[in-house]
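Heads up, the thing below is written out as C-alpha cells.
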Amino acid sequence: YEDPPSSGGRVVLVDRLWPRGVSKEKAWWDEWLKAVAPSTELRRWYGHDVERFEEFVRKYHDELDSPPAAVALEHLEELAGAGTLTLVTATHDVEHSAAQVLHDELLTRS
C-alpha cells in the first residue's frame with residue numbers, strides 16, 4: 001500500500017483495518033472495501049499463522065458466501081470485469097493473506 005500501481009485501473013484496499021501511518025487524505029486508492037475482508041473474529045483466529053492458512057481459506061470462503069461479504073465480492077467482480085483491478089493490503093505475507101484468497105477467487109470467476 002506504500003506505492004501506487006503504475007498500471008492504471010481501479011485500486012481497492014481490501015483490509016478490514018485502515019493501514020497504520022496512512023492518513024485518509026493521502027490515501028491513493030480509489031475505494032476501501034472493508035466488507036470483503038475477513039471478519040474480526042476470523043482475522044484474530046488466523047493471526048497470520050501459516051499453519052492455519054488452509055483452514056483460514058475454508059472459513060473465509062464461508063464468509064464470502066454470505067452478505068455483506070458476498071455483496072462486496074460481487075462489486076469486486078464487477079470492477080475486475082470493467083478493466084484492471086489492483087487489490088491493496090497492508091500485510092507483509094501476501095501469499096498467505098485474504099487478498100490472495102480474493103485474487104484467486106476473482107480469477108476463478110472470470
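This structure is a prediction, so every number in the text was calculated from the model and none was measured. Counting begins at 1 with the first residue of the sequence.
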Can you get from V88 to L106 by hopping between Ile, Leu, Val, Met, Phe, Trp and Tyr side chains that sit under 4.5 Å apart? no
Whether R10 side chain and G83 backbone form a donor-acceptor pair below 3.5 Å: no
Nearest atoms (heavy-atom pairs only) where W18 meets S23: CZ2-O, 4.1 Å
Between W32 and K24, which heavy-atom pair has the shortest distance, and what is it? CZ3-NZ, 3.9 Å
For the pair Y46 and H48, name the ring-plane relationship: parallel under 30°, tilted 30 to 60°, perpendicular over 60°. tilted
Kindly say whether Q100 contributes a backbone atom to a donor-acceptor pair with the side chain of S97 at under 3.5 angstrom? yes
Do L33 and L42 sit in the same hydrophobic cluster, where Ile, Leu, Val, Met, Phe, Trp and Tyr count as joined when their side-chain heavy atoms come under 4.5 Å apart? yes
List the steps, then state whether side chain to side chain contact (heavy atoms under 4.5 Å, CB included) holds for R43 with L17. CA-CA 10 Å; R43 184 178 50 81; L17 303 176; 3.6 Å; yes
With side chain to side chain contact (heavy atoms under 4.5 Å, CB included) as the test, would you mind laying out the steps for D93 and V50 before giving the verdict? CA-CA 9 Å; D93 183 3; V50 176; 3.9 Å; yes
Please find the pair of heavy atoms, one from E63 and one from P38, that lie closest to each other, and give the distance. OE1-CA, 3.5 Å
Rounded to the nearest 0.5 angstrom, the NE2-CZ distance for H96 and R52 is 14.5 Å
Check: E31 and L79 side chains under 4.5 Å, non-hydrogen atoms: yes
The reported gap from CG in L87 to CG in L13 (rounded to nearest 0.5 angstrom) is 10.0 Å
Any donor-acceptor N/O pair, D15 side chain to T89 backbone, under 3.5 Å: no
I would like to know whether H61 and R58 meet side chain to side chain contact (heavy atoms under 4.5 Å, CB included); could you show each step before the answer? CA-CA 5 Å; H61 275 287; R58 188 187 64 70; 5.9 Å; no
Same cluster (ILVMFWY, side-chain, under 4.5 Å), L73 and F56: yes
Are V36 and V12 linked, directly or through other ILVMFWY residues, by side chains that come within less than 4.5 angstrom of each other? yes
Transitively linked via ILVMFWY side-chain contacts under 4.5 Å: W45 with L64? yes
Here the gap from K59 atom NZ to E41 atom CD, rounded to the nearest 0.5 Å, amounts to 11.5 Å
Just do the side chain to side chain contact (heavy atoms under 4.5 Å, CB included) check on V14 and L76 with the steps written out, would you? CA-CA 10 Å; V14 293; L76 279 181; 4.3 Å; yes
Between the OH atom in Y60 and the CG atom in L102, the distance rounded to the nearest 0.5 Å is 3.5 Å
